[in-house]
Structures are given as C-alpha cells and as structure tokens.
Amino acid sequence: MSHKLLYYFGGKKAEGKAEMKELLGGKGANLAEMVNVGLPVPAGFTITTEVCTYYYKNKKKYPGELKKLVLQALKKIEKEMDAVFGDRTNPLLVSIRSGARSSMPGMMETVLNVGLNDITREGLIAKTSNPRFVYDSQRRLIQMYSDVVMEKAEGLEPEEGKGIRHQLETELQKMKTARGVKNDTELSADDLKELVDIYKSRIQEVLGKPFPEDPMQQLWGAISAVFSSWNGKRAKSYRRIEGIPDEWGTAVNVQSMVFGNMGNDSATGVAFTRNPATGENIFYGEWLPNAQGEDVVAGIRTPNPINEIGKSEHNRDLPSLETAMPAVYKELDKFQHMLEKHYRNMLDIEFTIQNGILYMLQCRVGKRNGPAAVRMALDMYKERLITKEEAVMRVEPSQLDELLHPIIDANAERNSKPIARGLPAGPGGGAGQVVFSAVDAVEWTKQGKKVILVREETNPEDIEGMRSAEAILTARGGMTSHAALVARGWGKCCIVGAGSIDVNYDERLFSADSVMVREGDWITLNGTKGYIYLGQLPMIKAAEENPDFVKFMELCDKSRRMKIRTNADTPEDAAKARAFGAEGIGLFRTEHMFYGKNSEQPLFLLRKMIISGTEQERRAALDELFPYVKSDIKGTMEAMDGYPVTIRTLDPPLHEFVPNREDERKKLAESLGITLDEFDVRADALHENNPMLGLRGVRLGITYPEITEMQVRAIFEVTAELINEGKNPFPEIMIPVVGMENELKDQLAIVEKVYNEVLEKFKMKKINYLYGTMIEIPRAALTADKIAHYAQFFSFGTNDLTQMGFGFSRDDIGSFLKDYLSKKILPVDPFQVIDREGIGELMRIAVEKGRSVRPNIKIGICGEHGGEPSSIEFCNSLGFAYVSCSPFRVPIARLSAARAEITVMNSAPKPKKKISKAKKTKKRR
Ligand code: ADP
Ligand code: MG
Ligand code: MG
C-alpha cells in the first residue's frame with residue numbers, strides 16, 4: 001500500500017485535504033478541508049479507500065496494522081472530545097460513515113451513536129441529565145445497526161416489508177399510536193426506554209442473535225459493514241449506471257458524535273449555498289429541531305425552512321432557523337459563504353446544532369438542474385469567483401438540453417406525484433389534454449387546444465398528429481423507437497415505453513395502476529425524467545426567451561474553435577437554427593422538396609422525370625422541374641445569407657418516388673403520353689433488390705448527367721441572382737455516396753461546364769463556391785488522398801459511414817442492438833456516439849490523407865453525430881472546421897465544442913510557466 005491507512009481530522013488541523021478524494025473519499029477529504037479552513041468539525045479519522053481494496057483482495061481481511069492505528073486514532077479523538085469510548089461514566093459515541101470518491105446518494109451506509117449500550121447509557125444520562133435524549137439515541141443506534149450491520153452486511157435479503165428496519169419502525173409506530181402521539185419527539189424517556197427493550201427482543205426473534213452490547217464489537221461491525229456496503233446490490237447497480245469503477249472502493253469515516261436530539265436548542269439540517277433548483281444566489285435549506293441524522297432527508301417530519309427568504313407557500317407557517325436561533329443562523333450563514341468562496345462552487349452542506357452550538361458535518365459540490373447550472377455559472381463568473389472557461393465547464397450538455405424546452409416549474413413538480421414512469425425520450429415538459437389518435441391531435445389543435453398524443457406506439461402515419469401535439473406518450477418502445485427519434489429531432493417532449501400504462505383505444509382511456517385517464521383529461525409530462533403527472537402543472541419558458549441562456553451561449557462562443565452549422569432543408573428551419581446560433585448549413589438535402597408541404601407539383605415533375613424513357617423526355621421533365629428546384633434552394637440560401645450553405649445533390653434511390661396509387665400512375669402516364677401498361681413496365685424496370693446500395697447518390701449523376709446539370713445550374717443561378725440582389729451567398733456543392741476519385745472527377749466536369757455557362761448568362765466574372773464530397777463510404781475514407789484532388793471539402797456522413805463500416809442496417813439495428821448493449825459487445829449505440837476505434841479510425845485516415853494532398857481542405861461532419869457531445873469532442877480533436885446538426889441541437893453543439901476546446905487547452909502545457917522559467921534563467925545570468 002502506497003499511503004497511510006488512516007488520516008486523522010479534528011481540532012485545528014487535519015492530515016488530509018480536499019484534493020485527496022481518491023484516497024479519502026469525497027466525505028473524508030472535505031471533512032479534512034473544513035477542519036483546515038477552521039470550521040467546527042467533530043474530530044474523527046478516515047480509513048482510506050486503499051484499505052477497502054485490500055479488504056476485497058484479501059478475503060475480507062484488514063491489513064495487520066489497522067487495528068492498532070484505529071485504537072491510536074480513537075485515543076486522539078478521546079483527548080480532543082474529552083470523553084472515552086466505551087467508558088461507563090464519560091462515554092464517547094461515534095458515527096461510522098461511508099464515503100466513496102464520487103457521491104452515491106443513498107447507496108452506502110451510515111451508523112450513528114456507536115458505543116452506546118445499557119451500561120454506557122447510564123453514564124451518558126448522568127453526564128447530560130437528559131435521559132430522553134439518551135434512550136432516543138440508543139433506539140436509533142439499534143435501528144440502524146441491526147439493519148446495516150446485522151442484516152444487509154450479512155447478505156440477508158428479506159422480502160419487501162420484512163426487513164428488520166421496517167419491523168422496528170413498525171414497533172415505533174405502535175408505540176406512538178399507543179401513546180396517542182404523532183411525532184417521535186413526543187415520546188417520553190420511559191417510552192423510548194421500553195422501545196429499546198422491545199427492539200432488542202425483536203432482533204433476537206427475527207435475526208436469531210442478540211444485539212451486540214460491546215462497544216468495540218459495534219465499532220468493528222459497523223466499519224466492516226460500510227466496506228461490505230460497497231459490494232451491496234444497490235451500490236453495485238448504481239455504479240454500473242453511473243459508470244463508477246468497482247475498483248475505486250469506499251473510505252470509512254469514524255467521527256465523534258454531536259447531538260441534534262438533545263432538546264429544542266438542538267437541531268440538524270441540510271442546506272445549499274444557492275438554490276439548486278433555480279440557481280438563485282440565496283442560501284437555501286431545511287432543518288429540524290430535536291432531531292438526528294437523516295430525519296430531514298427521510299421525511300419523518302416536515303422540515304422547516306432555514307431562512308425567511310427561502311419560505312414557500314408550503315412551509316410559510318413553519319419556523320425558520322433564522323428566527324428560531326438567530327445567532328446560530330448567522331454563524332451558519334457566515335460558514336456557507338466562506339465555504340462557497342473557498343470551493344468556488346455551490347455546495348451542499350450538512351450541519352448539526354448541539355445545545356446551541358453549531359457543528360459542520362459534511363460539504364460537497366451540490367447537484368443542480370440545468371437552469372440552475374447555467375445561472376450559477378454566469379453569476380459566479382460575474383462575481384469573479386470563476387473564469388469564463390470554468391463557467392463553460394460547469395454546465396453539462398445534457399443540462400443545457402433541459403433549457404431548450406419549456407420545463408415544468410420545479411416547485412410545482414416537487415409537490416406532485418407521478419402516476420406512471422417511462423423512458424425520457426424527448427426532454428422538457430409538456431402539458432395538454434389527452435387524445436388517442438393522430439387525427440384527433442390535428443383536429444383538436446386546430447380548435448386551439450393543447451393536446452398530448454397517447455399511443456401504444458407510433459408509426460410514420462402518426463407524424464402530423466405528433467407534430468401538432470404538445471407532447472407524446474407511448475406505452476411501448478425504447479429510446480430509439482419511432483416516437484423517440486421523431487420527437488428528439490423536433491425537440492419535442494416525449495416519453496416512451498411507459499410500461500405501466502394500459503391504453504384502451506376503444507374506450508378512449510388509459511389506466512396507470514389505479515388511475516383512469518380519459519380523452520380530454522389534462523396530463524403533464526416531464527420528458528427529461530420520464531415522469532407522467534395528472535393535471536396541468538405550470539411551465540417555465542424555453543431558452544430563446546431566457547436571457548441567462550443567451551449570455552451563457554456567448555461565453556461558450558468565446559472558447560470554441562469549431563464553427564457550428566445546421567442541417568436544414570427549409571427557410572423556416574434555417575431561420576430557427578440561426579436564432580440558435582448556427583453559422584451556416586452543413587447539409588441541405590435537395591430531395592426534401594419532394595416531401596411534405598407544397599410538394600405535389602415538384603413531386604409530380606420528378607416522377608415524370610423518373611419514368612422518362614429517353615434523355616430527351618428526361619430533359620423536358622427536368623426543365624419543368626428546374627424553377628421549383630431554384631426557388632427551393634433560393635429560399636433557404638436567403639435565410640442563411642452571409643453563411644456557407646452545403647447543398648447535396650439528389651441522394652435517394654429514385655424508385656422510392658414511384659407512386660403506387662392507380663390514379664397517380666394514370667395521370668403520369670397521360671402526361672408522358674404513354675399507356676398505363678407501358679408506365680408499369682418502366683416503373684418495374686427501376687425496381688432494385690437493395691436500393692440503398694443501388695442507383696443513388698453520385699451514381700444517378702453518372703447515369704443521368706442531366707440530373708446533376710439541372711441541379712448545379714439551379715445552384716449557380718440562385719447564387720448569381722442573390723449576388724445581384726446585394727446578398728452574400730456562399731454555396732458548397734456536395735456530391736453524395738462517392739467511393740472513388742473518378743466519380744468526383746466525372747461530376748466536376750459537369751459542374752465546371754455549367755459554371756461557365758451561368759457566368760456567361762449573368763455576365764459575371766466569378767462566383768465563389770466550393771466543390772466537395774461526403775465521406776460516407778469506407779472506400780472513400782481509405783482513398784481520401786486521391787479524392788482530395790477533386791474535393792475542396794469533405795463532409796463526413798457518419799450515419800452511412802457507420803452503417804457501411806459496421807455492416808449494420810440503420811433501420812434494422814433495433815432488433816439486436818439491445819442484446820449488443822446488454823452483453824457489452826458494444827458500449828453504446830454507434831449511430832448515436834461515434835465509434836472512435838473503428839469508424840473514428842476511418843475518419844482519422846481520411847482526414848490525414850485528405851490533408852496530405854490539400855493541406856487546407858475544409859472538413860466537417862453532417863451526420864447525426866454532429867449534435868452529440870462526445871462525437872463533437874472527437875471531431876474537435878481531428879481539427880474539423882465545423883460540425884453540423886439539427887437546429888435544436890445547435891446550442892448543445894456550441895457548448896460541446898467549447899468544452900472540447902477548453903479540455904484541450906487545459907491539458908496542453910501551460911505557457912505561463914515557460915515564461916516565468918525563462919525570466920528566472922535570465923535573472924540568474
Ligand atoms: P450520507 O452519505 O447518506 O449523507 P452521512 O454519513 O452524511 O450519510 O450521515 C447522514 C447524517 O447522519 C448526516 O447528515 C448527519 O446529520 C448525521 N451524522 C453523521 N455523523 C454524525 C456525527 N458524527 N454527529 C452527528 N450527526 C452525524
Ligand atoms: Mg451526508
Ligand atoms: Mg448518406
């Protein structure tokens with residue numbers, strides 16, 4: 001073992017400090033730090049995480065010297081506290097507290113009042129003249145110890161409701177009922193004394209052995225139990241979810257007790273240095289008089305507000321610590337200010353007051369929600385507590401995501417209970433009236449109602465209804481189900497896979513356990529957590545209207561290197577993305593104009609072109625289509641004026657567009673002057689077995705050069721017109737599905753020919769544009785040096801690159817992905833997070849090869865991954881010029897790009913030091 005096994009804290013000096021979290025755990029390290037900054041902390045010691053590791057490696061045995069060290073440290077505490085552990089007249093009591101490196105709330109164990117038995121309690125009674133307090137402490141010890149040490153640590157797993165803690169709580173309840181009181185504080189000393197005896201015999205009955213009276217046995221039993229709790233079921237599964245390594249181990253803290261249950265001048269409480277739900281710079285917390293330990297958190301009694309300013313309508317009438325114990329409150333307020341300044345962060349603190357004297361028992365960096373994280377980061381930056389880079393690093397991308405959608409008012413939510421839960425598929429909050437069909441959703445919305453579409457699951461036919469609904473709820477499906485994907489793309493609140501709800505379309509209702517929700521009833525969804533509430537909870541507005549959000553984004557922009565673009569096909573999406581800070585379009589899909597609103601006529605002409613039998617026919621159809629393509633491109637380029645717009649030439653297999661409906665086929669046949677039979681023959685000829693690998697992308701332009709020609713002409717003419725209108729357009733022509741240099745060379749000839757024709761037509765000398773390609777086929781990545789001869793830019797199409805790199809069909813991965821994840825064959829869905837090892841390696845090769853031929857080649861990404869934080873970090877590390885993502889992800893991308901760059905800067909050698917070194921050497925000479 002490389003370190004000491006045990007670190008003492010107490011008095012004026014601690015052996016540990018805040019930086020030693022790995023060794024001392026979070027709690028131990030921060031207790032030491034609080035001692036060192038001069039706060040009153042009851043003396044104690046921390047047994048290191050390395051002992052925990054040793055314990056598990058050596059069949060649950062401790063290092064030989066530990067026993068002696070513990071006894072020595074205990075002596076030191078005794079001296080500091082002027083009491084003796086196990087002494088019959090002047091007994092010292094201790095708490096045994098777990099403490100992992102990163103906090104695992106509620107997962108690990110703590111035992112209070114260790115050292116109390118039928119003999120020492122008499123000494124404590126004599127010493128304090130407070131028998132009620134002593135019996136109360138004893139019954140608490142027995143309750144906690146039997147649960148933590150005698151049951152859990154022994155690996156006993158009683159059925160629900162049969163656990164010893166529950167059984168003892170039932171006895172406590174019985175006693176309260178018998179005495180006709182509501183709170184345990186109303187029980188008398190005699191009641192509690194009787195309860196101690198009842199507890200002991202219950203333990204003997206249920207667990208088959210007596211409660212240990214020997215203080216030393218209690219001490220070591222509790223220490224071992226804390227170490228065992230590291231491998232308890234709950235702790236293990238929590239670690240798996242949070243990604244905490246099993247090898248880290250926990251530390252154990254042994255600390256002398258201070259008592260919040262000595263009467264009404266004693267108390268215990270928890271507080272935050274700022275409001276963790278709103279971020280407001282207001283000391284916020286709760287306290288309970290005459291209480292111990294976890295009473296506040298456990299909700300045994302309704303806790304009181306800590307100060308007047310923090311009162312809400314629910315606790316308005318309860319006494320605040322500020323008024324009940326003004327001097328103590330003042331001191332606590334001073335301490336919290338001190339700590340926040342010292343740690344330069346919002347802290348969560350635990351304290352206890354014994355006979356009017358304040359003790360600090362814990363502090364740690366406090367958890368906060370998204371809006372609070374942003375507000376605190378900004379405020380602390382303004383207060384000069386942190387740098388702007390630190391402010392950016394204080395907000396996780398997922399927390400920013402919370403701000404991009406209206407969210408449920410935190411206070412209202414705290415006072416409501418969910419009727420069901422599901423997977424948090426689309427973040428934010430949504431309230432509306434329940435409807436059960438897409439048609440109704442559209443209809444009701446037209447009438448000005450807000451609706452929530454509730455479905456067993458959704459499919460593409462529900463799109464319109466999903467679009468108009470406030471939020472979507474499905475009983476089935478996972479995070480990659482149709483509903484989830486669609487909702488996320490739109491930034492819409494959505495919960496999927498709420499298994500406990502039962503949808504009954506016929507009766508137009510759904511049930512959640514015993515609650516019935518009918519069509520028209522109001523419900524509220526929290527899509528960030530996956531909670532479903534009955535009724536209409538109030539909402540807080542979305543980001544664009546939130547000044548904090550705007551300011552925070554500006555901070556991010558100062559730190560990032562990469563540009564952020566958006567994938568947009570319509571002027572509306574382009575405008576939305578611009579409002580979110582997009583600096584161009586990374587992917588404009590021309591085929592978009594053939595779907596959705598106003599697509600009827602262009603689609604008809606496209607189909608006519610597809611079914612054409614000769615080049616002449618095809619050219620005629622393309623000529624008709626031309627003005628539509630132009631106006632479509634122009635609208636979006638106008639909306640993105642001043643920024644580059646990457647326009648991708650037609651990508652999908654054409655057969656996708658051939659109509660099935662008889663009337664449509666007839667109409668097309670007529671317009672081409674052919675019979676329906678002839679039409680069907682031509683349509684059938686287009687059929688492909690594997691269209692995604694068939695005649696699509698660049699191949700269309702090679703087989704039918706006139707298609708590329710028409711599109712490129714539209715792009716250049718639009719650009720020329722915009723220039724003439726005094727605008728500042730910048731098109732980037734992008735060829736999709738390229739696998740080899742010759743494809744790009746072939747298309748380049750067309751582009752250059754049309755370019756010259758357009759210059760001529762508009763009497764212009766030059767139009768600025770770039771010609772480039774998507775890198776989405778592995779072969780293209782591997783031959784990127786050759787491809788770079790013809791491409792001025794690369795845009796990674798990581799959806800297809802992942803699809804073809806893995807050989808996974810993106811549309812079918814749902815059937816096996818969950819097995820890959822649960823068997824740990826894949827760590828995450830590679831369509832969400834770039835697989836750095838494989839697909840990332842293809843990207844790295846492409847970047848390197850591309851740059852070897854064209855050092856300044858512009859490189860970006862337009863795949864789905866462009867909006868995902870870890871993938872963005874990867875793109876930053878490859879030196880990309882930009883990432884492009886859906887409009888709603890733009891702010892997340894701005895933050896992620898800033899965080900990625902700050903991380904790079906932080907890990908780079910500091911130039912400051914070099915300068916000072918240089919100075920020194922100068923001086924010495
Ligand atoms: P958790 O990690 O679950 O927060 P803790 O070890 O902090 O568990 O213990 C829970 C509570 O028990 C503390 O908030 C505190 O109120 C009480 N407690 C722990 N140690 C002591 C002590 N030495 N004296 C008084 N109260 C204590
Ligand atoms: Mg605690
Ligand atoms: Mg593609």
Side-chain angles (χ1 to χ4, degrees), residues 277-278 299 302 312-316 369-371 402 405-445 447-458 462 465-479 481 483-484 487-488 490-542:
T278 65
T302 310
S312 71
E313 53 184 296
H314 307 286
N315 58 19
R316 194 171 32 204
N369 67 16
E402 288 175 36
H405 315 276
I407 54 166
I408 304 175
D409 183 276
N411 285 323
E413 190 165 10
R414 204 173 316 126
N415 292 317
S416 312
K417 216 179 140 221
I419 55 167
R421 279 158 205 214
L423 301 171
Q433 293 175 274
V434 170
V435 294
F436 292 98
S437 79
V439 177
D440 287 340
V442 174
E443 203 43 52
W444 289 43
T445 312
Q447 297 164 17
K449 291 178 181 157
K450 287 184 166 186
V451 303
I452 291 187
L453 177 61
V454 181
R455 300 286 301 165
E456 195 68 39
E457 60 194 347
T458 65
D462 297 327
M466 294 168 74
R467 178 67 106 169
S468 45
E470 208 59 26
I472 300 150
L473 167 62
T474 73
R476 287 210 301 263
M479 293 294 277
S481 66
R488 258 202 302 278
W490 291 336
K492 188 167 291 224
C493 170
C494 175
I495 296 177
V496 298
S500 71
I501 74 166
D502 207 359
V503 181
N504 186 334
Y505 290 132
D506 292 339
E507 310 262 330
R508 294 176 177 242
L509 57 81
F510 77 82
S511 59
D513 295 331
S514 54
V515 188
M516 282 293 182
V517 182
R518 292 176 190 283
E519 185 181 72
D521 287 351
W522 280 85
I523 60 171
T524 303
L525 308 188
N526 179 337
T528 311
K529 289 193 190 143
Y531 293 172
I532 301 144
Y533 300 95
L534 206 56
Q536 183 182 14
L537 302 190
M539 298 284 164
I540 294 172
K541 273 195 193 130

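Being a predicted model, the structure only gives us computed values, none of them experimental.
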Locate the shortest heavy-atom distance separating [X] from [Y]; write the atom from each residue and the value.
X	Y	value
Cys494	Ala487	CB-CB, 3.4 Å
Ala475	Val503	CB-CG2, 4.2 Å
Tyr533	Pro418	CE2-N, 3.5 Å
Leu537	Ala431	O-CB, 4.4 Å
Trp444	Val451	CB-CG1, 3.5 Å
Leu473	Leu525	CB-CD1, 4.0 Å

Q.
Are the side chains of Val517 and Ile419 in contact, using a 4.5 Å heavy-atom criterion?
A.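 Result yes, sub-4.5 Å side-chain heavy-atom pair found.
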Q) With a 4.5 Å limit on heavy-atom distance, are the side chains of Ile407 and Pro371 in contact? A)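 SC-SC contact between Ile407 and Pro371 confirmed.
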### side chain to side chain contact (heavy atoms under 4.5 Å, CB included) evaluation trace for Ile472 with Ile452
CA-CA 6 Å; Ile472 300 150; Ile452 291 187; over 6 Å; no
N/O donor-acceptor pair under 3.5 Å between [X] side chain and [Y] backbone:
X	Y	answer
Asp462	Gly465	no
Lys492	Arg467	yes
Ser511	Asp513	no
Thr524	Gly535	yes
Ser500	Ala512	no

For Tyr531 and Glu413: C-alpha separation, side-chain torsions, deciding distance, then whether side-chain hydrogen bond (donor to acceptor under 3.5 Å, both in side chains) applies. CA-CA 10 Å; Tyr531 293 172; Glu413 190 165 10; over 6 Å; no
Interatomic distance, [X] atom [atom1] to [Y] atom [atom2] [nearest 0.5 angstrom]:
X	Y	atom1	atom2	result
Arg476	Leu423	CZ	CG	14.0 Å
Arg414	Ile408	CZ	CD1	13.0 Å
Lys449	Glu470	NZ	CD	14.0 Å
Leu534	Met516	CG	CE	12.5 Å
Thr474	Leu453	OG1	CG	9.5 Å

Practice task
Determine whether the side chains of Tyr505 and Glu456 contain a donor N or O and an acceptor N or O closer than 3.5 Å.
Solution key: no
If you draw a 6.0 Å radius around NZ in Lys450, do more than 12 non-hydrogen atoms from other residues or ligands fall strictly inside? no
* Asked: Do other residues, nucleotides or ligands put more than 12 heavy atoms under 6.0 Å from Arg518 CZ?
  -> no
Is there a side chain to side chain contact (heavy atoms under 4.5 Å, CB included) between Val435 and Val454? Walk through the geometry before answering. CA-CA 6 Å; Val435 294; Val454 181; over 6 Å; no
Kindly indicate, with the supporting measurements, whether the criterion side chain to side chain contact (heavy atoms under 4.5 Å, CB included) is fulfilled by Glu519 and Asp440.
CA-CA 10 Å; Glu519 185 181 72; Asp440 287 340; 3.6 Å; yes
Arg508 bridged to Asp521 by N-O distance under 4.0 Å: no
Open item on the list: side chain to side chain contact (heavy atoms under 4.5 Å, CB included), that's the test. Do Asn504 and Phe510 meet it? Break it down for me.
Closed with: CA-CA 6 Å; Asn504 186 334; Phe510 77 82; over 6 Å; no
